[in-house]
Amino acid sequence: MARKFFVGGNWKCNGTTEEVKKIVTTLNEAEVPSEDVVEVVVSPPFVFLTFVKSLLRSDFHVAAQNCWVRKGGAFTGEISAEMLVNLSIPWVIIGHSERRALLNESNEFVGDKVAYALSQGLKVIACIGETLEERESGSTMAVVAAQTKAIAGKVTNWDNVVLAYEPVWAIGTGKVATPAQAQEVHCELRKWLHENVGGDIAASTRIIYGGSVNGANCKELAAQPDVDGFLVGGASLKPEFVDIIKAATVKKN
Ligand SMILES: O=C(CO)COP(=O)(O)O
């Protein structure tokens with residue numbers, strides 16, 4: 001089954017109103033492959049979500065960077081999945097390594113969040129990835145399999161899930177995984193899905209790569225058979241994000 005190329009821009013905790021307008025203007029003026037070829041989703045901080053949604057071209061979509069694990073209520077500072085649905089925000093990023101590390105989000109908690117967000121009708125970019133220590137000790141696959149298992153155990157319908165492999169050592173470091181390193185893990189993850197979830201789901205679920213992706217390295221990564229797109233941090237705030245979107249055409253050659 002064909003997997004449509006997916007490019008997400010995770011703006012993290014960045015931007016002023018002026019900067020946000022500038023990024024959106026650049027995206028709106030860009031000539032990129034059609035929606036049939038590439039799915040583009042940008043993820044501004046919560047406070048800019050509706051603003052970006054109102055300005056953004058209609059073939060690009062928005063994602064929140066997080067949401068609460070259950071129904072909203074007395075949870076000061078949290079944003080619920082129901083609120084995102086109410087505002088017609090279609091996507092949410094869950095389990096980013098920055099939240100796992102800095103806010104102690106466990107595999108279990110991330111799995112619960114993914115399940116709840118899906119149950120409310122959101123589409124989810126679920127993030128996994130190993131630290132440098134884990135890679136160097138040879139436990140990369142064990143770590144990402146455990147993270148994926150915690151998610152897979154609670155997901156009944158994979159149609160609205162994109163799996164983002166983001167090695168922690170590659171995030172914000174300029175130290176991108178080599179195409180071979182990315183392909184190896186993506187291929188293993190697809191095998192894991194095949195064995196533990198099902199062949200059809202393994203074949204149809206997009207597994208995207210994140211970690212120091214930029215305009216210069218995106219094409220080689222995109223050419224890998226199991227790399228179905230990207231989740232981009234720093235470079236998604238810059239005009240080169242457009243070049244990363246265009247890397248989708250590599251798949252058609
Ligand atoms: O964390 C990331 C995307 O979610 C990747 O960040 P960088 O592209 O800045 O390395």
Side-chain angles (χ1 to χ4, degrees), residues 3 6 8 10 41 43 63-72 75 78-82 84 91-171 177 181-182 184-211 226-229 231:
R3 299 183 296 267
F6 184 101
N10 177 6
V41 173
S43 188
Q65 295 175 16
N66 178 40
C67 66
W68 181 235
V69 64
R70 281 181 281 281
K71 189 172 160 51
F75 305 106
E78 291 295 333
I79 305 283
S80 69
E82 293 87 346
L84 299 177
W91 285 91
V92 62
I93 297 172
I94 292 180
H96 192 279
S97 65
E98 285 149 14
R99 299 193 62 84
R100 288 178 184 264
L102 302 170
L103 295 150
N104 294 321
E105 291 197 2
S106 66
N107 287 354
E108 199 66 25
F109 189 65
V110 169
D112 285 340
K113 274 194 184 187
V114 170
Y116 191 74
L118 290 172
S119 79
Q120 296 307 299
L122 291 168
K123 302 182 203 187
V124 172
I125 302 165
C127 303
I128 56 170
E130 83 287 2
T131 63
L132 184 60
E133 257 182 322
E134 289 162 344
R135 172 160 284 260
E136 287 177 344
S137 69
S139 52
T140 297
M141 255 333 282
V143 169
V144 297
Q147 291 168 334
T148 308
K149 188 173 178 216
I151 294 165
K154 287 167 186 154
V155 172
T156 46
N157 182 345
W158 283 77
D159 292 350
N160 290 338
V161 181
V162 168
L163 202 55
Y165 169 58
E166 300 203 295
V168 177
W169 48 270
I171 294 179
Q181 282 174 322
E184 185 187 16
V185 177
H186 285 226
C187 177
E188 287 294 323
L189 280 167
R190 207 175 298 288
K191 257 192 230 161
W192 189 94
L193 288 175
H194 190 99
E195 284 159 17
N196 296 280
V197 183
D200 289 350
I201 286 160
S204 62
T205 300
R206 277 136 344 144
I207 306 176
I208 62 174
Y209 169 81
D226 288 297
V227 173
D228 304 316
L231 188 56

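When reading the values below, keep in mind they use all heavy atoms of this one structure, side chains included, and skip hydrogens, waters and symmetry mates.
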So do [Y] and [X] actually touch side chain to side chain, heavy atoms under 4.5 Å?
X	Y	value
Leu189	Val144	yes
Asn160	Leu122	no
Arg3	Asp226	yes
Arg190	Asp228	yes

For [X], what residues pass the side chain to side chain donor-acceptor pair (under 3.5 Å) criterion, not counting sequence neighbours?
X	answer
Ser119	none
Glu130	Arg135, Tyr165, Trp169
Ser106	none
Ser80	Glu82

Partner residues of [X] under the side-chain contact (heavy atoms from CB on, under 4.5 Å) criterion, sequence neighbours left out:
X	answer
Asn196	Trp192
Ala164	Ile125, Cys127, Glu166, Ile208, Leu231
Glu78	Asn66, Trp68, Phe75
Ala150	Asn107

Test your reading of the model: is there a side-chain donor-acceptor pair from [X] to the backbone of [Y], 3.5 Å cut-off?
X	Y	value
Arg206	Phe6	no
Thr205	Ala202	no
His186	Ile207	yes
Ser43	Ala63	yes

With sequence neighbours excluded, residues passing salt bridge (charged side-chain N to carboxylate O under 4.0 Å, His left out) with [X]:
X	value
Glu105	Arg99, Lys113
Arg100	none
Glu108	Lys154
Glu188	Lys191

Open item on the list: Could you measure the distance from the CG atom of Asn10 to the CD atom of Glu98? Nearest 0.5 Å is fine.
Closed with: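 If I round to the nearest 0.5 Å, the distance is 7.0 Å.
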- [ ] Look up atom CZ in Phe109 and atom CD1 in Ile94, then write down how far apart they are to the nearest 0.5 Å.
- [x]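 Here the interatomic distance stands at 9.5 Å.
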Task: Stepwise side-chain contact (heavy atoms from CB on, under 4.5 Å) test for His96 and Leu103 - done: CA-CA 10 Å; His96 192 279; Leu103 295 150; over 6 Å; no
- [ ] Decide if atom CD of Glu184 counts as having more than 12 heavy atoms of other residues, nucleotides or ligands within a radius under 6.0 Å.
- [x]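 Open: at most 12 neighbouring heavy atoms sit under 6.0 Å from CD of Glu184.
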